[in-house]
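Working notes, beginning with the structure itself.
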Amino acid sequence: MQITPHDGGVGARITGIDLAQKLAEPDFRQLLRALGHHGVLCFPGQDLEAAQLSAFRSRFGTLEHNVAAMFNAPGHPEVMILSNMKDEAGQPVGLGDAGQGWHTDMSYSHDIAIANVLHAKQVPMRDGRPLGDTQFLDMHRAYEDLPPAVKARLEGRTAIHDFNKFWEMMRARPGSARAPLTEEQRRRKPPVSQPIFRLHPITGRRVLYCNPGYATVIEGMEAAESEAMLDFLFRHQSQEKYLYSHAWTPGDVLMWDNIATTHNAVADYGPDEHRYILRVQVMATLDYAALAA
Ligand code: SIN
(Lines give C-alpha, C1' and ligand atoms only; values in the text may rest on other atoms or scores of the structure.)
Protein backbone atom coordinates (compact mmCIF):
# COMPACT_ATOMS: atom_id res chain seq x y z
CA MET A 1 0.00 0.00 0.00
CA GLN A 2 1.39 3.44 -0.97
CA ILE A 3 0.12 6.69 0.54
CA THR A 4 0.85 9.78 -1.56
CA PRO A 5 -0.17 13.06 0.09
CA HIS A 6 -1.62 15.77 -2.14
CA ASP A 7 0.16 19.08 -2.38
CA GLY A 8 -1.31 21.70 -0.06
CA GLY A 9 -2.35 20.00 3.15
CA VAL A 10 -5.58 18.01 2.85
CA GLY A 11 -5.93 14.65 1.11
CA ALA A 12 -3.88 11.66 0.00
CA ARG A 13 -4.07 9.00 -2.71
CA ILE A 14 -3.85 5.37 -1.63
CA THR A 15 -2.73 2.81 -4.21
CA GLY A 16 -1.66 -0.82 -4.09
CA ILE A 17 -4.72 -2.00 -2.18
CA ASP A 18 -7.87 -3.82 -3.34
CA LEU A 19 -10.73 -2.82 -1.05
CA ALA A 20 -12.75 -5.87 -2.15
CA GLN A 21 -10.31 -8.02 -0.14
CA LYS A 22 -10.37 -8.33 3.65
CA LEU A 23 -8.30 -5.56 5.18
CA ALA A 24 -5.27 -6.83 7.12
CA GLU A 25 -4.94 -5.41 10.65
CA PRO A 26 -1.70 -3.44 9.97
CA ASP A 27 -3.25 -1.91 6.83
CA PHE A 28 -6.39 -0.98 8.78
CA ARG A 29 -4.33 0.79 11.44
CA GLN A 30 -2.21 2.55 8.84
CA LEU A 31 -5.33 3.76 7.04
CA LEU A 32 -6.78 5.04 10.31
CA ARG A 33 -3.62 7.08 10.96
CA ALA A 34 -3.69 8.34 7.36
CA LEU A 35 -7.34 9.38 7.78
CA GLY A 36 -6.50 11.49 10.82
CA HIS A 37 -3.39 12.92 9.22
CA HIS A 38 -4.68 13.71 5.71
CA GLY A 39 -8.46 14.06 6.25
CA VAL A 40 -9.48 12.71 2.82
CA LEU A 41 -8.26 9.43 1.32
CA CYS A 42 -8.83 8.53 -2.33
CA PHE A 43 -8.53 4.88 -3.41
CA PRO A 44 -8.63 5.00 -7.22
CA GLY A 45 -9.62 2.14 -9.53
CA GLN A 46 -11.86 0.16 -7.15
CA ASP A 47 -14.89 -1.87 -8.25
CA LEU A 48 -17.07 -2.66 -5.24
CA GLU A 49 -20.63 -3.90 -4.84
CA ALA A 50 -22.71 -2.43 -2.00
CA ALA A 51 -21.91 -5.43 0.24
CA GLN A 52 -18.15 -5.04 -0.29
CA LEU A 53 -18.31 -1.32 0.43
CA SER A 54 -20.13 -2.08 3.69
CA ALA A 55 -17.65 -4.80 4.64
CA PHE A 56 -14.66 -2.49 4.12
CA ARG A 57 -16.28 0.32 6.09
CA SER A 58 -17.47 -1.84 8.95
CA ARG A 59 -13.84 -2.24 10.03
CA PHE A 60 -13.87 1.44 11.04
CA GLY A 61 -17.06 1.56 13.14
CA THR A 62 -20.79 0.87 13.14
CA LEU A 63 -22.56 1.70 9.89
CA GLU A 64 -25.26 4.36 10.03
CA HIS A 65 -28.77 3.78 8.65
CA ASN A 66 -29.72 7.26 7.42
CA VAL A 67 -32.83 8.65 9.09
CA ALA A 68 -34.22 9.71 5.68
CA ALA A 69 -34.49 5.93 4.91
CA MET A 70 -34.70 6.42 1.17
CA PHE A 71 -32.75 5.38 -1.93
CA ASN A 72 -30.98 2.49 -0.23
CA ALA A 73 -29.09 -0.06 -2.32
CA PRO A 74 -31.28 -3.21 -2.56
CA GLY A 75 -30.80 -5.32 0.58
CA HIS A 76 -28.43 -2.74 2.12
CA PRO A 77 -30.19 -0.13 4.29
CA GLU A 78 -26.76 1.19 5.31
CA VAL A 79 -25.82 2.04 1.69
CA MET A 80 -27.46 5.07 0.13
CA ILE A 81 -27.51 5.86 -3.60
CA LEU A 82 -26.65 9.47 -4.45
CA SER A 83 -27.70 10.13 -8.03
CA ASN A 84 -29.53 12.47 -10.41
CA MET A 85 -30.49 9.53 -12.66
CA LYS A 86 -34.02 8.25 -13.28
CA ASP A 87 -35.32 4.74 -13.91
CA GLU A 88 -37.39 3.66 -16.93
CA ALA A 89 -40.58 4.89 -15.23
CA GLY A 90 -39.01 8.34 -14.77
CA GLN A 91 -38.55 7.91 -11.03
CA PRO A 92 -35.31 9.06 -9.32
CA VAL A 93 -32.93 6.19 -8.49
CA GLY A 94 -31.06 8.15 -5.80
CA LEU A 95 -30.97 11.27 -3.66
CA GLY A 96 -30.20 13.96 -6.24
CA ASP A 97 -29.19 16.87 -4.01
CA ALA A 98 -27.22 15.16 -1.22
CA GLY A 99 -24.72 17.36 0.54
CA GLN A 100 -25.10 20.44 -1.67
CA GLY A 101 -24.03 22.98 0.96
CA TRP A 102 -21.24 23.03 3.56
CA HIS A 103 -21.85 20.62 6.42
CA THR A 104 -20.47 17.75 8.50
CA ASP A 105 -22.46 14.53 8.36
CA MET A 106 -23.95 13.31 11.62
CA SER A 107 -23.06 16.43 13.65
CA TYR A 108 -26.85 16.51 14.15
CA SER A 109 -26.67 13.20 15.93
CA HIS A 110 -25.86 12.52 19.58
CA ASP A 111 -23.41 9.83 18.41
CA ILE A 112 -21.20 11.39 15.76
CA ALA A 113 -19.55 9.86 12.69
CA ILE A 114 -15.84 9.23 12.19
CA ALA A 115 -16.02 8.90 8.41
CA ASN A 116 -18.00 8.89 5.19
CA VAL A 117 -17.15 6.58 2.33
CA LEU A 118 -18.35 7.25 -1.22
CA HIS A 119 -17.75 5.05 -4.27
CA ALA A 120 -18.20 6.67 -7.69
CA LYS A 121 -19.79 4.50 -10.36
CA GLN A 122 -20.68 7.29 -12.79
CA VAL A 123 -19.29 10.84 -12.92
CA PRO A 124 -20.79 13.71 -14.96
CA MET A 125 -18.44 15.01 -17.65
CA ARG A 126 -18.45 18.10 -19.86
CA ASP A 127 -15.84 18.92 -22.49
CA GLY A 128 -13.67 16.12 -21.12
CA ARG A 129 -13.74 17.51 -17.55
CA PRO A 130 -15.39 15.84 -14.54
CA LEU A 131 -18.16 17.78 -12.78
CA GLY A 132 -19.76 17.32 -9.37
CA ASP A 133 -16.61 17.68 -7.25
CA THR A 134 -16.77 17.09 -3.52
CA GLN A 135 -15.00 19.88 -1.62
CA PHE A 136 -13.46 19.78 1.84
CA LEU A 137 -12.35 22.30 4.45
CA ASP A 138 -9.68 21.49 7.04
CA MET A 139 -11.05 21.99 10.57
CA HIS A 140 -7.74 21.19 12.31
CA ARG A 141 -6.16 24.23 10.67
CA ALA A 142 -9.32 26.33 11.00
CA TYR A 143 -9.20 25.77 14.78
CA GLU A 144 -5.47 26.50 15.02
CA ASP A 145 -5.82 29.83 13.15
CA LEU A 146 -8.70 31.18 15.27
CA PRO A 147 -7.91 34.45 17.07
CA PRO A 148 -6.96 33.77 20.72
CA ALA A 149 -9.90 35.90 21.94
CA VAL A 150 -12.37 33.72 19.99
CA LYS A 151 -10.76 30.53 21.30
CA ALA A 152 -11.05 31.87 24.85
CA ARG A 153 -14.69 32.97 24.39
CA LEU A 154 -15.76 29.61 22.94
CA GLU A 155 -13.67 27.24 25.05
CA GLY A 156 -15.98 24.70 26.72
CA ARG A 157 -19.05 26.01 24.89
CA THR A 158 -21.59 24.02 22.91
CA ALA A 159 -23.81 24.67 19.90
CA ILE A 160 -27.14 23.15 18.91
CA HIS A 161 -27.11 21.09 15.69
CA ASP A 162 -30.37 20.28 13.93
CA PHE A 163 -30.86 17.78 11.06
CA ASN A 164 -33.90 19.76 9.94
CA LYS A 165 -31.82 22.91 9.22
CA PHE A 166 -30.00 21.37 6.25
CA TRP A 167 -33.07 19.41 5.15
CA GLU A 168 -35.12 22.62 4.96
CA MET A 169 -32.28 24.47 3.16
CA MET A 170 -32.39 21.77 0.49
CA ARG A 171 -36.21 21.78 0.39
CA ALA A 172 -36.24 25.54 -0.19
CA ARG A 173 -34.42 25.11 -3.51
CA PRO A 174 -36.52 25.32 -6.67
CA GLY A 175 -37.70 21.88 -7.79
CA SER A 176 -36.67 20.07 -4.59
CA ALA A 177 -38.13 16.56 -4.40
CA ARG A 178 -37.71 16.43 -0.59
CA ALA A 179 -40.88 16.17 1.49
CA PRO A 180 -40.87 17.79 4.95
CA LEU A 181 -39.49 15.45 7.62
CA THR A 182 -42.22 13.47 9.32
CA GLU A 183 -42.88 13.80 13.05
CA GLU A 184 -41.35 10.35 13.45
CA GLN A 185 -38.15 11.36 11.60
CA ARG A 186 -37.86 14.52 13.71
CA ARG A 187 -38.42 12.49 16.86
CA ARG A 188 -35.60 10.12 15.84
CA LYS A 189 -33.19 12.99 15.16
CA PRO A 190 -33.98 15.79 17.64
CA PRO A 191 -31.63 18.80 17.83
CA VAL A 192 -28.50 17.93 19.85
CA SER A 193 -25.78 19.81 21.68
CA GLN A 194 -22.17 19.48 20.42
CA PRO A 195 -18.91 20.98 21.72
CA ILE A 196 -17.67 23.74 19.40
CA PHE A 197 -14.10 22.54 19.86
CA ARG A 198 -13.35 18.86 20.29
CA LEU A 199 -10.29 16.68 20.57
CA HIS A 200 -9.86 14.59 17.49
CA PRO A 201 -9.87 10.89 18.49
CA ILE A 202 -7.06 9.94 16.08
CA THR A 203 -4.76 12.98 16.07
CA GLY A 204 -5.42 14.12 19.65
CA ARG A 205 -5.48 17.70 18.25
CA ARG A 206 -8.32 20.18 18.57
CA VAL A 207 -10.74 20.78 15.73
CA LEU A 208 -13.43 23.35 15.07
CA TYR A 209 -16.61 21.25 15.11
CA CYS A 210 -19.29 23.74 14.07
CA ASN A 211 -20.67 23.71 10.52
CA PRO A 212 -23.15 25.93 8.68
CA GLY A 213 -25.31 22.99 7.56
CA TYR A 214 -26.50 21.99 11.01
CA ALA A 215 -25.32 24.39 13.76
CA THR A 216 -28.13 26.78 14.66
CA VAL A 217 -27.23 28.56 17.90
CA ILE A 218 -24.49 28.73 20.56
CA GLU A 219 -25.88 27.72 23.91
CA GLY A 220 -25.78 30.17 26.82
CA MET A 221 -25.10 33.23 24.62
CA GLU A 222 -27.36 36.16 23.77
CA ALA A 223 -29.01 35.58 20.39
CA ALA A 224 -27.19 38.50 18.71
CA GLU A 225 -23.75 37.38 19.91
CA SER A 226 -24.47 33.76 18.97
CA GLU A 227 -25.52 34.80 15.46
CA ALA A 228 -22.47 37.06 14.99
CA MET A 229 -20.10 34.40 16.33
CA LEU A 230 -21.54 31.63 14.11
CA ASP A 231 -21.32 33.98 11.14
CA PHE A 232 -17.66 34.65 11.99
CA LEU A 233 -16.86 30.93 12.43
CA PHE A 234 -18.52 29.99 9.14
CA ARG A 235 -16.66 32.73 7.22
CA HIS A 236 -13.36 31.92 8.94
CA GLN A 237 -13.54 28.19 8.15
CA SER A 238 -14.47 28.76 4.49
CA GLN A 239 -11.16 30.43 3.54
CA GLU A 240 -9.54 29.19 0.36
CA LYS A 241 -6.40 28.12 2.24
CA TYR A 242 -8.34 25.31 3.99
CA LEU A 243 -9.98 24.03 0.77
CA TYR A 244 -9.38 20.79 -1.12
CA SER A 245 -11.63 19.90 -4.06
CA HIS A 246 -11.89 16.27 -5.16
CA ALA A 247 -12.49 15.80 -8.90
CA TRP A 248 -14.03 12.34 -9.29
CA THR A 249 -13.04 9.50 -11.60
CA PRO A 250 -15.36 6.47 -11.85
CA GLY A 251 -13.96 3.76 -9.56
CA ASP A 252 -12.77 6.20 -6.88
CA VAL A 253 -13.52 5.27 -3.29
CA LEU A 254 -13.27 8.41 -1.20
CA MET A 255 -13.11 8.15 2.57
CA TRP A 256 -13.10 11.31 4.63
CA ASP A 257 -12.76 12.31 8.23
CA ASN A 258 -16.13 13.57 9.42
CA ILE A 259 -14.75 15.21 12.55
CA ALA A 260 -11.87 17.25 11.10
CA THR A 261 -13.47 18.31 7.80
CA THR A 262 -16.63 19.92 6.50
CA HIS A 263 -17.70 19.10 2.95
CA ASN A 264 -19.84 20.34 0.07
CA ALA A 265 -21.09 18.58 -3.07
CA VAL A 266 -20.76 20.96 -6.06
CA ALA A 267 -23.98 21.03 -8.10
CA ASP A 268 -22.48 22.21 -11.39
CA TYR A 269 -23.96 19.51 -13.67
CA GLY A 270 -27.29 19.20 -15.44
CA PRO A 271 -30.03 16.53 -15.32
CA ASP A 272 -28.58 14.76 -18.38
CA GLU A 273 -25.03 14.72 -16.96
CA HIS A 274 -25.27 11.63 -14.83
CA ARG A 275 -23.74 11.09 -11.41
CA TYR A 276 -24.15 7.79 -9.52
CA ILE A 277 -22.39 7.27 -6.20
CA LEU A 278 -22.77 4.79 -3.33
CA ARG A 279 -22.40 6.18 0.21
CA VAL A 280 -21.92 4.71 3.67
CA GLN A 281 -21.49 6.65 6.89
CA VAL A 282 -19.37 5.22 9.70
CA MET A 283 -20.20 6.05 13.29
CA ALA A 284 -17.39 6.84 15.74
CA THR A 285 -17.80 3.70 17.84
CA LEU A 286 -14.22 2.42 18.30
CA ASP A 287 -11.28 3.48 20.46
CA TYR A 288 -9.47 5.21 17.59
CA ALA A 289 -6.72 6.64 19.80
CA ALA A 290 -5.69 3.11 20.83
CA LEU A 291 -6.04 1.68 17.32
CA ALA A 292 -4.00 4.48 15.71
CA ALA A 293 -1.27 4.45 18.38
C1 SIN B 1 -22.53 13.92 1.10
O2 SIN B 1 -22.61 15.03 1.61
O3 SIN B 1 -22.45 12.91 1.79
C4 SIN B 1 -22.52 13.79 -0.41
C5 SIN B 1 -21.31 14.36 -1.04
C6 SIN B 1 -21.30 14.18 -2.54
O7 SIN B 1 -22.22 13.59 -3.11
O8 SIN B 1 -20.34 14.65 -3.17
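In listed order, ligands and their atoms are each counted from 1. The shown structure was predicted, so the numbers you read here are calculated from the model rather than taken from an experiment.
Scanning all protein heavy atoms for the shortest distance to atom 7 (O) of ligand 1 gives Arg275 NH1, 2.9 Å. Scanning the protein heavy atoms around atom 8 (O) of ligand 1, the nearest turns out to be Thr134 OG1, 2.5 Å. In this structure, atom 2 (O) of ligand 1 lies nearest to the protein heavy atom His263 NE2, 2.9 Å. Among protein heavy atoms, atom 3 (O) of ligand 1 sits closest to Arg279 NH1, 2.8 Å.
At least one heavy atom of Leu82 sits less than 4.0 Å from an atom of ligand 1. The shortest heavy-atom distance from Asp133 to ligand 1 is not under 4.0 Å. Assignment of Gln100 to the shell around ligand 1 is not supported, since no heavy atom sits closer than 4.0 Å.
Checked by atom type, the side-chain pair His263/His103 shows a donor-acceptor distance below 3.5 Å. When only modelled atom types and interatomic distance are considered, Gln2 and Arg13 share no side-chain donor-acceptor pair under 3.5 Å. When only modelled atom types and interatomic distance are considered, Gln194 and Ser107 share no side-chain donor-acceptor pair under 3.5 Å.
Partners of Phe197 according to the ring-ring contact (aromatic ring centres under 6.0 Å, His included) rule, which considers only residues two or more places apart in sequence or in another chain, are Tyr143.
Set against the non-hydrogen atoms of His103, the atoms of ligand 1 under 4.0 Å away are 2 (O). Close approach to Asn116 involves these atoms of ligand 1, each under 4.0 Å from a residue heavy atom: 3 (O).
The aromatic rings of His161 and Tyr209 sit parallel to each other, their planes meeting at less than 30°, with 60° as the upper class boundary.
If you look at Leu118 next to ligand 1, the close heavy atoms, those under 4.0 Å, all belong to the side chain.
Counting non-hydrogen atoms of neighbouring residues, nucleotides and ligands closer than 6.0 angstrom, the NZ atom of Lys86 reaches no more than 12 such neighbours.
In this structure, Ile160 belongs to a hydrophobic cluster whose other members, linked by side-chain heavy atoms under 4.5 Å apart, are Val217.
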